[in-house]
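Below is one structure, written out as structure tokens; the observations come after it.
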Amino acid sequence: MLALRKAGKSFGAVRALREVSLELFAGEAHALAGENGAGKSTLVKTLSGVHRPDEGEVLLDGAPVEFGGPAAAQEAGVAVIYQEPTLFPDLSVAENIFMGRQPRARFGRIDRRAMHAEATELFTGLGVAIDPGRPARGLSIADQQLVEIAKALSRRARVLIMDEPTAALSGNEVARLFNVVKTLREQGCAVLFISHRLDEIFELCQRVTILRDGAWVAGEPISALTPDDLVRRMVGRDLDTLYPKQDTLPGEVALTVGRLTREGVFTDVSFEVRRGEIVALAGLVGAGRSEVARAIFGVDRWDAGTVEVGGRRLPPGSPTAAMAAGLALVPEDRRQQGLVMDLSIERNIGLTGLKSVRRGPVISRAAERDRARDWAARLQLKFTRLGDAVNVLSGGNQQKVVLAKWLATDPAVLIVDEPTRGIDIGTKAEVHRLLSELAGRGIAILMISSDLPEVLGMADRVLVMHEGRLAAEIPRERATEESVMSAATGRDGAAA
Amino acid sequence: MTAVTADATPGGRSARGLVELVFRARELSLVAALAVLVLVTTAVNPNFLSGQGVKDIFLNTSILALLAVGQSLVVITRNIDLSVGSVVGLVAFCTGKFVSADPTGRGVLTALVFGVAIGAVCGLLNGLLVSFCRVPALVVTLGTLYVIQGLDHYIAHGQQINAVDLPPALLHLGNEGVLGVPYLPVITVVVMLAVGYYLRSYPSGRDFYAIGSSPEAARLAGVPVRRRVLAAYLFSGALAGLGGVLWLARFGTVVADPARGWELIVVSAVVVGGVAIVGGVGTVYGAVLGALLLTTIGSALVVLKVNSFWQQALTGALLLLAITVDRVLAVRVTRLLRKRSVRHGA
Amino acid sequence: LGLAACGGTTKDSPATSAAPAQSSAAAPAKADPNAPVKQGLKLAFLPKQINNPYETIVDDAGIEATKEFAGTAKEVGPSDASASSQISYINTLTQQGQDAILIAANDANAVCGPLKQAMAKGIKVVAYDSDAAKDCRNLFINQASSEEVGRSQVKLLADMIGHKGDIAILSATANATNQNTWIGFMKDELTKPEYKDMKLVKVAYGDDDDQKSFQQTQGLLQAYPDLKGIISPTTVGISAGARYISGSKYKGKVVLTGLGTPNQMKQFVKDGTVQKFALWNPKDLGYLAAYAAAALSSGQITGTEGETFKAGKLGEKTIGKDGEVILGPPFTFEASNIDQFDF
Amino acid sequence: MAHDLMTTPGTGSAPKGGAAGRSPLGRFVRWDVLVTALLIAVFLAGAAGSPDFANAGNLSFALGDLGEIALIALAMTLLVVAAEVDLSVASVLGLSSAMIGALWDAGWAIETIIPLVVVVGAVCGLVNGLLVTRLGLPSLAVTIGTLALYRGLAYVVLGDKAVAEFPQRYTDLVTGDVPGTPIPYPVALFVLLAIITGVVLHATGAGRALFAIGSQEEAAFFAGIRVKRIKLVLFVVSGTMAAFAGVVYTLRYGSARADNGFGVELAVIAAVLLGGVDFDGGKGTLGGVIAGVLLIGLLRNLLMLNDVATEIQSIVTGLLLIVSVLTPRLAAVVRQRRRSPAPHTPLSSEAESNR
Ligand SMILES: Nc1ncnc2c1ncn2[C@@H]1O[C@H](COP(=O)(O)OP(=O)(O)OP(=O)(O)O)[C@@H](O)[C@H]1O
Ligand SMILES: Nc1ncnc2c1ncn2[C@@H]1O[C@H](COP(=O)(O)OP(=O)(O)OP(=O)(O)O)[C@@H](O)[C@H]1O
Ligand SMILES: [Mg+2]
Ligand SMILES: [Mg+2]
């Protein structure tokens, strides 16, 4: 239906795509796999008219087309969920979904009632209860992603392209999304699906195309591959283990959270994290996990309760004090909170350690650069120049910059919120190895993740949140998919 | 949240009502402030609310409000137009020159067409530079502010348009009315209602908000960003042109640069009216109310016999008060919204 | 004030005020009343603000006059009526080596330093319309004696309202030197017994801005319902005031007078809004200023009291106290004579 | 995300316009370099065209005239880099001038008055800063309000009076030249302050923090930068600098008036913009701003010397602003076109509507 033939695309010196071909067929879900920076998002943007290929062409129903812009592709029936949510924060959710093609009443007016009804219907289909009338500002990343999904679905397009739609979602929403997509597929829609979670690829897709460094590596039916084959083709080598959890002996208590409450968001949250321990905070999307992390770090104020790091009490609402006490937070929204997108890689990494690279009052650029280069190498960052703005990096590489930025502060307690969101499987293993190593060195780690296997694979202890409260604490031995999920959905609190 | 599906609508509706209320609240608080101001002033001096007094206030507001409507359209798209004041000056002078050259042959309609056309050309220039050449709006319009002002001075060069030279019909437009209602406010209200309705109820109107809210997302959503931004400037320019003609009609005598320094007054009217300076939020009704409030403050202080030297200070203080109250209110409601949405989720 | 007593430089400290820079340069050799007017003199008019129609009339007349004695003149100036922009121009004119600078000062003192520097370089300085501080200029061409302007305005208004009722003044900017001098004399005049029934209730400032003056008039009339008369001794103010009154219910009830140009006011005199107003002939002002500058530059006069010089068609003029030359009494315009004028 | 609702809107979750960000032109033509080149060109043209231009006397005048604008522009640069703006500077200047006049008239000692008005300027800045940081109001709106307020207070303090006759020792300090050079004292002071500001902005942690705050406030906050405190300090610095400029202004003209410095804010902003500081924050160099200030000042001086009418000067200033921004952008577009005929280059994903 939609196809790409020998397409190439360069950004300056970076060849993001070279001679890539790909064909989407009606009624078939096609997976696109590859490491971070392999060129997946670029391919998507080429198909959707955001970029024009430097060479090669886009074919629609076998005939070459030239999309002048995203609007033209949409006209042609191509709906896209971009990797990063692109919402209008000031407009209502319903308007976000229908921008540019609002249902009309007489005289070309907008029919708001119909618009809201349709939006509600879409959300019902996805099984979520987002109020279509609320402004998009303040939606959690997951909710934003869901609105994006609703937006794409509402187009009833012939071709549906999804760039990591599930990265911020947890099991339930993913399952629902897949149901909807499967229905669409059965109705004859062509689907292009990108994800770093291999099980999802195997569950949804019939065919897979693999990219490596912008080049086409393989394209074959999924049934011909095992997960290991897939990984091997993506990474170009065998992967040892995804969850290289080392066993460590927990040391003294590093972080104590006592009856922490932020009105209307979370209530009475108490736990502690010991040195060398990885504690996972699990729960459904919107359970308030990120909010707890933000409060601990001082980005949000808390209304009641205490936070102690290494026995020292933190004042509420001061990230600076939290950092001084040895706390670090890798936030969930890297584009808004984690990175200054316009600044260079080195400046971003340097931002948390301005003191450590000073000569007198003046910053030593050489020291700053060395530090950045060192961390870029340790995290295997893929970049052209350290002086490039981070917004030209691929999503996964951006995430690595955030990690580097915080690891460089040499924290005593590291809070990571969705540390592997949007990270490819090779790097994911890398991040996991890193976290495990850090724990081994005696750092206390609090990990928030919606990726259940990750939680189970990495955590020494699992705390489960449900609707703003801690619902359960499950030690590693007893942590299973069932036990965590039942606590997360509030079906039993017994484990606590 | 995920588990709840069935009761999405009722909860949704109440939250939506709340959101609508927040937006209304901005305008309501302006109306309330206005009411307090008028009541206090009238209590001190009943003349303030006399027929003449009310007429004066509306007449005084009209041109500012007209400019505020144009400006809010631009500000909603996350841009700014600092050149409006100088466009008014240029148009007022040139139109005056133009019609006074042949006061019998060139009537009101010619004057309006001439003036609006000049304004539109200025707007077009701004718009092209901002949308197609991608020059930051502040730089462009500060630049055109200087250029247009210089041009105006160059053309005027110490001349003056006098009321005697103008066609009487034009002066009528500025000072008379139908059934006791002067034309000027009528024109402004009609423009305001038309633009307000368009912005709220037409897809292309919503585009302006989308662009201001997130230009990148707007592009991805297929909104013709450049065309809309161009349209906003064109419209703001044309309204400034209209304002210039009305200025001429109202004041009759025009020296080189009427409306000098008005760019900041117009922007304050828009901001007081609740249009976010960063785009995406606000209505033209609010902007017009903002203009009305500013003008009324000015008139009230004179009527209240406030020392001339205190007037400006008080105007500034009241402006700050207006935006502060608005802000505090917005924060309160947002907090309420947060607690509500969670309770609804729970 | 306690702090002030602790020492330091205060207003009252000895020799604090900036002493006249080159008092020797300001009082040069002898005047030679019979010296010929130099050929090719370069004069520069520096009005308060270009684009003020009144100033343009004055300066254009002065530029015309310069041609009569084969000199060249130009008008330069800022587009805003501020002292600081005027100063840039003074400096530039000094650099250019003009023979004389004719200035309508926006601030008597602020322009002082640069003018002194100009004088030190042998450039003659003539103030007109609005004076600069005495030791920073050679001459001041006063359109009319300030005292006479102030007092005659009050008389004019008093006659029209029958010496009775509340009155107000609509001035230009709060800092305008000439306005404030006139207003001073008006207030003084009002203390005389024949004005005991007249009360000055307010001095409003329209900033020589059309719209602002318009609104100030409005406000005055609302705030003081018993107001009988307004004096607006500024051309911008009086025309804006007249325009408001002509379109309002106050027409015929409130008397407006002041200083205005005939062209501006013709319509309002004819429609009865304004009966009488005054002004001198601005063309003569520019003319006289140009001749005075020429006389200074040619060494006919030095600017001391009692010297005389010929001012073309205006005949002989004598320098009065403080280096002032007075153009003549203001002229009152009314319906019967206004059509004879075109400026 | 309650947080972003309580800080300045626009630094919230709305993604900054330029997703694709820095256009490749940045590497070839830097704006500030361009402005500096233009400055040199103007200077050479002036020196060649008019004998009155390049002499010490004239340049000393021209520089002296720029003094206040240049001083205020330093603080304004810091603010604009942090994506804020202070429009009230000219009014603070006026208030400071009016206070000097009133207090001097009342017999206070100038040695007491000067520190006092500078402190008042700091307080004015503090008020701006508190309104912006504590209430989360946009600085453009706040400072339009205080623009009226402070100017009004200036009139309240001094009314329509103009106070003159300041001690010569002090006026000389401001109008005089550093012994043995044609450099006026204020210019020398400016050079010193500019060096300090330049180092702070471009070589210290605080400067890095400013750029981070300017381009993405939320991320800066998450990185432990005390966003609010820094902004507050910036506003205080701006107010202090404006009040100090008021002192220089008053002494230089020897006249204290409430309307002193009226409208200077736009001149300052024009200079800052011309210097290549992005009003969205996060981009710009101090060198560019200084070049911008000098360019506007020298060009005006040159035009004035050549008897070019004020109107034309205004037009030239405006065109300069537009052209200086337009040229590099057009050049980049042309370069892009030449390399690949595609209209949808990363450039086009830059914000269409940036302020
Ligand atoms: N606008 C741009 N300018 C310059 N380089 C870019 C731009 N967009 C992408 N790139 C580069 O192109 C390459 C491919 O990026 P792309 O975003 O397509 O990767 P991806 O496969 O989607 O990775 P991820 O899994 O992390 O999302 C990367 O090296 C990236 O740095
Ligand atoms: N600024 C805000 N205004 C209103 N509601 C908000 C705001 N921020 C978050 N919420 C809501 O608060 C709840 C908790 O959000 P939070 O992001 O903490 O969830 P979470 O458990 O971390 O989920 P995830 O990280 O998977 O998104 C959600 O329902 C979210 O929609
Ligand atoms: Mg990607
Ligand atoms: Mg979260």
Side-chain angles (χ1 to χ4, degrees), chain C residues 1-13 15-19 21 44 49-51 74-85 87-97 106-114 117 121 133 171 173-177 179-180 183 203 205 207, chain D residues 50 52-53 55 57-58 60-62 64-65 68 103-113 116 155 158-172 175 249-250 252-264 297 300-301 303-311 313-314:
Chain C
L1 274 172
L3 280 168
C6 295
T9 322
T10 69
K11 194 168 70 162
D12 308 318
S13 309
T16 55
S17 52
Q49 144 184 47
I50 55 164
N51 279 311
K74 63 181 180 186
E75 182 201 32
V76 294
S79 54
D80 58 328
S82 82
S84 57
S85 351
I87 286 169
S88 312
Y89 279 95
I90 299 173
N91 288 339
T92 311
L93 294 173
T94 309
Q95 283 298 321
Q96 289 174 336
N106 279 322
D107 179 325
N109 295 304
V111 292
C112 211
Q117 290 183 4
K121 284 201 168 181
S171 175
T173 57
N175 297 67
T177 333
Q179 301 279 332
N180 290 338
I183 293 173
V203 180
Y205 298 98
D207 291 351
Chain D
S50 160
D52 301 327
F53 177 71
N55 67 50
N58 182 56
S60 165
F61 278 149
D65 266 356
E68 296 83 22
L103 295 177
W104 176 249
D105 217 24
W108 286 48
I110 194 89
E111 291 83 2
T112 320
I113 298 177
L116 184 74
Y155 276 106
L158 195 60
D160 56 3
K161 280 192 290 192
V163 175
E165 314 215 307
F166 291 100
Q168 181 150 28
R169 196 145 50 90
Y170 284 88
T171 52
D172 277 356
T175 49
Y249 192 106
T250 310
R252 189 152 72 86
Y253 295 129
S255 171
R257 295 162 49 129
D259 65 347
N260 273 349
F262 185 81
V264 161
R300 265 179 57 87
N301 179 271
L303 293 175
M304 238 190 256
L305 271 179
N306 288 306
D307 283 338
V308 176
T310 323
E311 302 96 327
Q313 290 172 27
S314 165

Open item on the list: On a heavy-atom basis, which atom in D:D307 and which in C:K74 lie closest, and how many Å separate them?
Closed with: OD1-NZ, 2.5 Å
Task: C:Q95: partners by side chain to side chain donor-acceptor pair (under 3.5 Å), with sequence neighbours left out - done: D:N55
- [ ] Over all heavy atoms of both residues, which pair between C:S88 and D:D65 is shortest? Give the atoms and the distance, please.
- [x] OG-OD2, 2.9 Å
Open item on the list: So C:D107 and D:Y253, do their side chains get closer than 4.5 Å, heavy atoms only?
Closed with: no
TODO: Counting only heavy atoms closer than 4.5 Å, note whether C:S82 contacts chain D via side chain, backbone, both or neither.
DONE: neither
Task: Qualifying residues under side-chain contact (heavy atoms from CB on, under 4.5 Å), relative to D:D259, sequence neighbours excluded - done: C:N175, D:Y155, D:R257
Open item on the list: Below 4.5 Å, heavy-atom pairs only: which of C:S84, C:G113, C:A44 has the largest tally toward chain D?
Closed with: C:S84
Task: Selection from D:A164, D:S255, D:A309 maximising heavy-atom pairs under 4.5 Å formed with chain C - done: D:S255
Task: Under 4.5 Å from a heavy atom of chain D, the part of C:Y205 involved - done: side chain
Task: Contact class of D:N58 relative to chain C, heavy atoms under 4.5 angstrom - done: both
Open item on the list: Give me the atom names and distance for the closest heavy-atom approach of D:M304 to C:Q96.
Closed with: O-NE2, 3.6 Å
Task: Per-residue contact mode, D:N260 against chain C (heavy atom under 4.5 angstrom) - done: neither
- [ ] Let me know if D:Q313 has heavy atoms under 4.5 Å from chain C in its side chain, its backbone, both or neither.
- [x] side chain
Task: Heavy-atom neighbours of D:F61 CZ exceed 12 at 6.0 Å - done: yes
- [ ] Measure C:D207 against the heavy atoms of chain D and call it side chain, backbone, both or neither at under 4.5 Å.
- [x] neither
TODO: Using a 4.5 Å cut-off on heavy atoms from C-beta on, say whether the side chain of D:E311 contacts that of C:I50.
DONE: yes
Open item on the list: Quick check on C:N91 against chain D: is it the side chain, the backbone, both or neither that has a heavy atom closer than 4.5 Å?
Closed with: both
